Amino acid sequence: MQKHLFPIIVLLGLTASALYLLVAKPVVAAQTEQSSAVFDSDGKVELPTGFRAWVFVGAPLTPNGLNNGKANFPEYHHVYIEKKNVDAYLKTGEFPEGTVIIKELTRVLDPTFPDGSTKEPSGRGYFNGAYNGIDMTVKDSKRFAKTNNWGFFTFGHHPMPYDKTAAEKPVSECAGCHIANVAATDMTWIQFYPLLRDKPGY
């Protein structure tokens with residue numbers, strides 16, 4: 001009797017395992033495609049968390065000292081993107097739906113020369129100072145069809161703490177510049193980020 005029961009028990013176990021994998025697989029796929037952007041009922045987006053652990057792709061700088069004291073963004077732009085979306089871009093040249101790009105600003109550290117630079121043991125140059133704001137872009141072709149599939153938000157250009165939610169910025173403030181200058185590279189300043197521009201891999 002036991003000899004006959006053993007194969008039946010094994011078969012039931014294998015069947016249960018197969019059914020579990022079939023059921024679990026779509027859930028994993030759904031989680032992979034889920035966006036980090038969380039919107040409320042008013043269409044405002046919540047301040048993301050954990051983004052400093054994402055892939056750091058670059059830090060452009062346009063200091064006041066090199067722009068007649070009137071740079072639009074005089075801080076470093078620390079840009080972060082989730083690894084799954086960087087991987088997708090490296091393969092296809094486009095970001096997938098739901099991609100979130102974070103730009104956190106830091107002031108230039110203690111400008112002492114007319115050009116805004118300062119001198120440190122490593123030499124004269126520009127160095128990161130205090131955090132001073134955070135911006136966010138989200139790719140959602142349904143929600144932002146009028147601005148080439150991307151929405152633009154800011155949680156304040158000021159020291160921490162940042163605002164907890166943000167409404168979409170007017171086209172004239174953000175999207176218009178991206179449409180005019182980087183529409184051909186998925187609305188992103190790819191030329192400033194070597195990992196995305198040159199695609200060397202990690």
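What you see is a predicted model, and the numbers here were worked out from it, not measured in a lab. Along the sequence shown, the residues carry numbers beginning at 1. Values below: all heavy atoms of this structure, side chains included; hydrogens, waters and symmetry mates excluded.
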Can you tell me if [X] and [Y] form a side-chain donor-acceptor pair at under 3.5 Å?
X	Y	value
His77	Asp135	no
Asp110	Thr118	no
Glu104	Tyr76	no
Ser141	Glu97	yes

Is NZ or CZ of Arg197 both nearer than 6.0 Å to the six-membered ring centre of Phe192 and within 45° of the ring axis?
no

Is it the case that Arg143 places NZ or CZ above or below the six-membered ring of Phe153, under 6.0 angstrom from the centre and within 45 degrees of the axis?
no

Could you go through residues 36-45 and list every donor-acceptor pair under 3.5 Å that involves a side-chain atom there, pairing it with any protein atom two or more places apart or in another chain?
from  : atom 1 : to    : atom 2 : distance (Å)
Ser36 : OG     : Glu82 : OE1    : 2.8
Ser36 : OG     : Glu82 : OE2    : 2.9
Asp40 : OD1    : Asp42 : N      : 2.9
Asp40 : OD1    : Gly43 : N      : 3.1
Asp40 : OD1    : Lys44 : N      : 2.9

[X] (side chain) donor-acceptor with [Y] (main chain) under 3.5 angstrom:
X	Y	value
Asn64	Ala71	yes
Asp163	Thr165	no
Asn181	Cys177	yes
Thr62	Phe73	yes
Thr188	Asp186	yes
Ser117	Phe113	no

For this output row, return yes or no: ring centroids of Trp189 and His178 closer than 6.0 angstrom.
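That pair passes the under 6.0 Å test.
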
side-chain hydrogen bond (donor to acceptor under 3.5 Å, both in side chains) against Asn67, all qualifying residues, sequence neighbours excluded
none

Give a yes or no on this: more than 12 heavy atoms of other residues, nucleotides or ligands lie within 6.0 Å of atom NZ of Lys119.
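Not more than 12 within 6.0 Å, no.
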
Side-chain ion pair, Asp87 and Lys83, N-O less than 4.0 Å
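A salt bridge is present here (some side-chain N lies under 4.0 Å from a carboxylate O).
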
Report yes if some heavy atom in the side chain of Val100 is under 4.5 Å from a heavy atom in the side chain of Met136; otherwise report no.
yes

